[in-house]
*Asks:* 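Structure incoming, see below.
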Amino acid sequence: MRTSQLLFPTLREDPVDSVVISHKLMLRAGMIRQLASGLYTWLPLGLRVLRKVEQIVREEMDRAGAQEVLMSGVQPAELWQESGRWQQFGPELLRLQDRHARDFCLGPTHEEVITDLIRREVNSYKQLPLNLYQIQTKFRDEVRPRFGVMRSREFIMKDAYSFDVSPEGMKASYDAMYQAYCRIFDRLGLDYRAVLADSGAIGGSGSQEFHVLAESGEDDIVFSTGSDLAANIEKAECIARGSRPEPTESLREVETPTQKTIEALVRDFDLPIEKTVKTLICRASEAIDAAFVALVIRGDHTLNEVKAENHPAVATPLTFATETEVRSSMGAGPGSLGPIDCPIPVIADREAAVTADFGAGANRDGWHYFGINWGRDCPEPEVADLRNAVEGDLAPDGSGTYQIRRGIEVGHVFQLGQKYSDAMDATVLDEHGKQATLFMGCYGIGVTRIVAAAIEQRHDDRGICWPASLAPFDVCIVPIGGNKNPIVDQEAIDIKETLEARGLEVLLDDRNLGPGPRFADMDLIGIPLRIVVSGKTLESGEVELKHRTEGEAQRVSREAIVDTIMESEWLRS
RNA sequence: CGGGGUAUAGCGCAGUCUGGUAGCGCAUCUGCUUUGGGAGCAGAGGGUCGUUGGUUCGAAUCCAGCUGCCCCGACCA
């Protein structure tokens with residue numbers, strides 16, 4: 001390819017409406033352009049990278065025994081009503097009607113469609129296990145699209161679905177996908193971690209996420225310093241530090257007319273924040289005989305909403321009581337709540353439950369108790385893991401302490417179990433001739449997001465530094481002084497054609513520009529290897545070869561350049 | 001969904017307060033020169049000032065509505 005024939009409108013300055021580095025660089029490098037909020041057009045250079053990601057994913061899925069299909073992006077409402085998700089999904093599901101006023105949606109995922117296919121086409125356990133995948137455009141009407149293609153409304157996703165007759169089979173399919181994902185992210189050259197995850201609204205039992213580590217990530221990833229234990233903060237188990245000390249203080253009531261927050265309480269009464277708890281009121285589930293429950297966590301901790309929602313006594317979705325509801329159920333307003341004389345069930349976080357001599361609201365406006373001790377001043381609470389992990393927490397496996405870093409979620413593997421097969425009656429005859437409901441797994445990879453995630457991890461102040469596996473071209477050639485010395489251009493073209501004949505993708509920058517802007521553009525778009533052909537070096541029969549991330553170029557003889565590149569480690573790293 | 005910002009040439013911006021000929025830099029086009037890190041000279045093209053309505057002799061500018069886009073927040077008492 002020649003730059004003179006390629007549409008790649010590079011920008012010298014950062015576009016004003018971009019905030020993360022990958023978004024800025026994708027715009028500046030002419031990879032994408034925004035069409036509307038959360039919608040993008042991929043230009044030739046960006047599409048080349050996208051296709052590289054797709055191809056690696058495709059090869060590894062095929063190698064793992066999955067088969068590629070392609071399902072419709074538009075899906076009939078009936079299937080979603082059958083699974084129950086037509087009601088369950090909020091405005092994120094873009095619904096539309098056809099000319100006959102029939103309801104459809106733009107697919108945010110394809111569990112329903114694939115389950116429908118399988119229940120029609122697969123009748124016997126002998127046809128299983130089966131794993132089908134597609135690389136398709138998805139649409140989710142995100143509340144707030146941002147960060148370019150990292151959180152867009154339309155995006156390309158690889159989604160795979162496995163079908164087995166037994167839980168053991170499902171587990172084996174899941175493990176195979178896990179291995180395939182590791183190979184994919186290895187080949188993509190990304191620094192990633194597989195972490196335990198909450199299975200969330202999609203449902204199911206086991207679930208792991210793959211995260212690319214980057215400061216701009218939207219998720220907090222918790223690691224143990226001493227083992228492989230890693231989890232999304234939503235799922236990271238927190239244990240209490242030691243056991244509860246004996247009470248040393250007596251209970252006393254303190255007037256707190258203006259102290260409505262933990263911060264104010266700590267500030268005005270010189271109380272250590274670890275000696276306070278906060279009490280959060282939320283709707284109770286139908287499993288218990290109360291309208292609301294009180295969740296108690298230590299003052300310096302934050303509630304983990306996923307853990308709270310997963311608690312059997314808490315209503316799903318997690319709904320905090322309104323101020324009016326707080327008053328009617330507790331007899332006091334927010335800011336004066338606590339576990340003493342609490343009229344509703346109390347669930348305390350593990351750490352809050354081992355705190356002694358603590359302060360909390362008195363359930364009477366303008367009053368707090370200090371020196372509270374569980375069991376003595378109020379009933380022993382039900383104890384649960386309710387809070388978000390913080391740096392330095394003890395890892396639950398005893399291996400060390402927790403560290404927290406940011407991650408971009410690029411993959412997610414789920415063991416779905418029978419959630420969809422049950423709802424949609426997807427069964428086969430098993431070896432005993434009986435109807436058996438299928439066990440499913442589902443496995444996603446955010447293809448477009450990976451492009452952004454790779455840039456977040458691989459860039460410098462001049463632009464993108466692609467790993468060899470993702471680079472839109474392997475090599476670029478910049479001829480200098482060709483207008484004075486026609487040999488330069490001839491040699492450049494000859495090197496290009498020879499490398500192309502050897503199977504490499506080569507970009508020849510033949511634009512009629514000075515060397516400065518051409519070097520800058522080649523750096524910006526991140527081609528791993530650069531050959532400079534100039535009259536100066538040709539005099540001694542040489543050209544220059546430089547890797548994108550190295551400071552100095554090396555001289556290579558004109559005869560040896562093609563072989564040097566073909567043997568270069570850089571093409572494989 | 002709540003709050004804030006913003007909308008003027010392809011991109012970045014000034015002009016708006018104080019109403020009166022639509023401007024700057026980069027980019028683009030033509031010609032000549034120029035080729036080792038974002039060139040020089042000369043010339044040229046390009047804007048219903050987001051949109052609708054109002055005030056006015058006159059609106060990019062004042063007023064009102066609508067829309068797009070961006071940012072922050074979204075129940076932790």
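Lettering follows sequence order; numbering is per chain, from 1.
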*Asks:* Sort me out a list of protein N/O and nucleotides 68-75 of chain B N/O pairs below 3.5 Å, or just none if empty.
*Replies:*
residue : atom : partner  : partner atom : Å
B:C69   : OP1  : A:Ser37  : N            : 2.9
B:C69   : O3'  : A:Gln34  : NE2          : 3.2
B:C70   : OP1  : A:Gln34  : NE2          : 3.4
B:C70   : OP2  : A:Ser37  : OG           : 2.9
B:C72   : OP2  : A:Arg144 : NH1          : 2.9
B:C72   : OP2  : A:Arg144 : NH2          : 2.4

*Asks:* Calculate the interatomic distance between A:Arg530 atom CZ and B:G37 atom C1'; express it in whole Å.
*Replies:* 9 Å
*Asks:* Using the C1' atoms only, state how far B:U61 lies from B:U55, rounded to an integer number of Å.
*Replies:* 13 Å
*Asks:* Rounded to whole Å, please give me the gap between CG in A:Asp521 and P in B:G36.
*Replies:* 17 Å
*Asks:* How long is the line joining CG of A:Asp14 and C1' of B:G12, in whole Å?
*Replies:* 11 Å
*Asks:* I need the CE-P distance between A:Met522 and B:G37, as an integer number of Å.
*Replies:* 16 Å
*Asks:* Reckon A:Thr279 touches a base, only the sugar-phosphate, or nothing at all at heavy-atom distances under 4.0 Å?
*Replies:* base
*Asks:* Nearest-Å distance, CZ (A:Arg548) to P (B:G37)?
*Replies:* 17 Å
*Asks:* For the pair A:Arg449 (side chain) and A:Met150 (backbone), establish whether a donor and an acceptor sit closer than 3.5 Å, ignoring hydrogens and angles.
*Replies:* yes
*Asks:* I'd like a list of close polar pairs between nucleotides 30-35 of chain B and the protein, N/O only, cut-off under 3.5 Å.
*Replies:*
residue : atom : partner  : partner atom : Å
B:U35   : OP1  : A:Lys484 : NZ           : 3.1
B:U35   : O2'  : A:Gly481 : N            : 2.9
B:U35   : O2   : A:Leu513 : O            : 3.3
B:U35   : O2   : A:Arg518 : NH2          : 3.1
B:U35   : O4   : A:Asn483 : ND2          : 3.3
B:U35   : O4   : A:Asn512 : OD1          : 2.6

*Asks:* Between P on B:G36 and CD on A:Glu539, what's the gap in Å once rounded to a whole number?
*Replies:* 13 Å
*Asks:* Could you state the atom-to-atom distance from NZ of A:Lys24 to P of B:G12 in whole Å?
*Replies:* 12 Å
*Asks:* Find the distance A:Arg462:CZ to B:G37:P and express it as a whole number of Å.
*Replies:* 14 Å
